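The next block holds one structure in the form of structure tokens; read it before the comments.
In what follows, every heavy atom counts, from backbone to side chain, and hydrogens, waters and symmetry copies are set aside. Model, not experiment: these values are computed from the prediction.
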Amino acid sequence: MSLPVLVVGAGPAGLVAALQLARRRCDVRIADRSAWPASGSRAKGIQPRTLEVFEELGVVEEILASGGPFPRWRTYREGRLAWEKSIYDLLGTGQPVADPAIPYPETWMIPQWRTEEVLRDALRRHGVEVEYDAAIVALDDDGSGVTATIRRPRGDERLRASYVVAADGAASTVRKLLGVTFDGVTRDDERYVNADVRTTMLDRSYWHNWSRRDNPAARVSVCPLPGTDVFQFVAPLLPGDDSTVGLATIQRLFDERSDGVTVTFDEAPWIAVSRANERLASRFRIGRVFLAGDAAHAVPAAGGQGLNTAVQDSHNLGWKLAAVLRGAPDDLLDSYEEERRPLAARLMNGLDAADDRGEVADIFQLRNNYRGRRLSVETRPAPGSVHAGDRAPDAPLSLRDGSAPRLFPVMRDVELTALAFGARAADESDAVLRRHAPADSFRVLDVRKESPSTADTIAAIYGVAPDEETLFLVRPDGHIGLATDDRFAERLDTYLPHLTPGTTA
């Protein structure tokens, strides 16, 4: 009997890790020390790449229906409107527009409690329920499994697990039990109050912002949350401000910082005080235990990268755990830290700072890539615009059966997709994949043969010349693992054993 994977923490990172495993029919349990699901808007911006992840997980429609685009930003001075801009004008990017390669160009606003609710519902459809009031108090990794002690009101349970995914937040108990350092800074002098508030005295079409004339740091932001009747209230606490915050404090902060604007807040169903926390775990893998999300990194708040990075951590890790449980080599799991930690480390330096490869963080996370890592094999002497390690772009298909799907939904139905430009690339891919993977786990798409009317568009998106023979092997998480233009069978035979159990009978 196989051992379950234990996921610790039922925030976005934990829920995505559990969902990745459950949808691959792996036994999984997910435990959270809280007595009930978390409330509050908290992280509210879902970046375009995360929306693509949510499509792959089968929940994007619910996420889109539950949220909305970011409202226009209004800044007031002396009680009057000073200026109004879109969030993209503030970023200097201009209004994003969907194109065949990018189906979700905009950042989507949805309160975190609703994102988690959507993920919990999806997990429930796979027969997995979050176990609340279940705190991990001890772990013992003996090399062949992990024994976790789970403390509940009714008593302790000892659970034997194959692996543990620690997604239990910046104050991670699991990380502390393992003795993993969490390097960085916590800025006690930078405190913020975040709250969900109700008022009928502000236009819900705009994100409203005020600051005091004599002290720009004394500012306050009030943003409407789509699909709800509340606003998110954010304000820094200045030296001398009490950390004990209630509705009266929120009202006082607003009154002091808004130049006499009359707005009354009727209720604050959720209030939290936080400190600026910028930290990075020294390791993401410790034997059979993995750190994900805020347990692995507390990234700067600018740009709303925390939740999105957390979701993509678990999206990366989940399929690898499932593959190893089915017999793929264990060192596949080493690629998790190798791929994800550098992206988190780069965010520690801010969105504008280049990393050691000269790359700057992409706020939309579409350009995040794993180029040069062990699972990103690029053999072409002159790659086009899309390299091994990159996110595989979406593309329009027009198949011979009359259907016109997008590429993403086609890839979602299988674990591996061989995107072949040329008959030889397609034929050799099919023959090799049949030796390494079950027939229902992969798809070979012969682009020029199966989608002739859009083949030129797809080739342009992927940077393939008109008569060029090229193969892209797309991994389960939508990143390109192998990109090659020669010796297709040999390249695949060498690459696939890193991801699969081995040759099939």
For salt bridge (charged side-chain N to carboxylate O under 4.0 Å, His left out), just list the numbers for Glu62 and Arg125, CA-CA rounded to whole Å, side-chain angles, deciding distance to a tenth of an Å, and then say yes or no. CA-CA 14 Å; Glu62 294 164 277; Arg125 290 194 289 271; 3.5 Å; yes

(request) Would you please test Val165 and Val28 for side-chain contact (heavy atoms from CB on, under 4.5 Å) and show each step? (result) CA-CA 10 Å; Val165 178; Val28 59; over 6 Å; no

Could you go step by step and tell me if Met411 and Arg443 meet the side-chain contact (heavy atoms from CB on, under 4.5 Å) rule?
-> CA-CA 8 Å; Met411 293 196 298; Arg443 167 76 187 266; over 6 Å; no

(Q) Is there a side-chain hydrogen bond (donor to acceptor under 3.5 Å, both in side chains) between Asn277 and Thr186? Walk through the geometry before answering. (A) CA-CA 4 Å; Asn277 200 25; Thr186 297; 2.6 Å; yes

Pair Asp27-Leu3, side-chain contact (heavy atoms from CB on, under 4.5 Å): steps then yes or no:
CA-CA 7 Å; Asp27 189 8; Leu3 299 174; over 6 Å; no

- prompt: Step by step, would you call Arg152 with Glu157 a salt bridge (charged side-chain N to carboxylate O under 4.0 Å, His left out)?
  reply: CA-CA 8 Å; Arg152 307 172 188 275; Glu157 174 193 0; 2.9 Å; yes

**Report entry** Worked check of side-chain contact (heavy atoms from CB on, under 4.5 Å) between Gln305 and Ile363
**Finding:** CA-CA 7 Å; Gln305 300 296 287; Ile363 193 171; 3.5 Å; yes

Between Asp156 and Thr149, does the side-chain hydrogen bond (donor to acceptor under 3.5 Å, both in side chains) criterion hold? Intermediate values first, please.
CA-CA 7 Å; Asp156 290 356; Thr149 303; over 6 Å; no

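In this structure, the side chain of Asp362 engages the main chain of Arg367 through a donor-acceptor pair within 3.5 Å. Side chain of Glu337 to backbone of Arg285: a donor-acceptor contact under 3.5 angstrom is found. The main-chain N or O of Arg373 is never found under 3.5 Å from a side-chain atom of Arg371 such that the two would form a donor-acceptor pair. In this structure, the side chain of Trp270 does not engage the main chain of Ser41 through any donor-acceptor pair within 3.5 Å.
The two atoms that bring Asp485 and Pro381 nearest to each other are OD2-CD, 4.0 Å, heavy atoms only. Taking both residues in full, the closest heavy atoms of His479 and Asn369 are given as CE1-CA, 4.5 Å, listed atom of the first, atom of the second, then distance. Contact record, Gly481 with Ala388: O-CB, 3.9 Å, taken as the closest heavy-atom pair. The shortest non-hydrogen separation linking Ala295 to Asp168 is CB-OD1, 3.8 Å. Residues Gly11 and Asp32 approach most closely at N-OD2, 4.5 Å, considering heavy atoms. Among all heavy-atom pairs drawn from Arg391 and Ala101, the shortest one is NH2-O, 2.6 Å.
In this structure, CG in Leu375 is found 13.5 Å from CD1 in Ile480, a value given to the nearest 0.5 Å. To the nearest 0.5 Å, atoms CH2 (Trp108) and CD1 (Ile46) are separated by 11.5 Å. To the nearest 0.5 Å, the span separating OG on Ser385 from CG on Asp390 amounts to 8.5 Å.
Other residues, nucleotides and ligands place no more than 12 heavy atoms under 6.0 Å from the CZ atom of Arg33. Counting non-hydrogen atoms of neighbouring residues, nucleotides and ligands closer than 6.0 angstrom, the CZ atom of Arg275 reaches no more than 12 such neighbours. Heavy atoms from other residues, nucleotides or ligands lying under 6.0 Å from CZ of Arg151 number 12 at most.
A salt bridge does not link Glu55 to Arg412: none of the charged side-chain nitrogens sits closer than 4.0 Å to a carboxylate oxygen.
Side-chain contact check for His315 and Glu56: at least one donor-acceptor pair (N or O, by modelled atom type) lies under 3.5 Å. Side-chain atoms of Arg288 and Ser162 form no donor-acceptor pair, as typed in the model, at a separation below 3.5 Å. The closest side-chain donor-acceptor pair between Arg160 and Thr147 falls under 3.5 angstrom.
Within the structure, the ring pair (Phe, Tyr, Trp, His ring centres under 6.0 Å) test picks out no pair touching residues 10-44 (sequence neighbours left out).
If you run side-chain hydrogen bond (donor to acceptor under 3.5 Å, both in side chains) between Arg340 and each of Asp313, Asn316, Thr309, only Asp313 comes through.
Judged as a salt bridge (charged side-chain N to carboxylate O under 4.0 Å, His left out), and not counting sequence neighbours, Asp294 has no contacts.
Note on ring orientation: taking the six-membered ring where Trp is involved, the planes of Tyr462 and Phe472 are tilted (angle from 30° to 60°).
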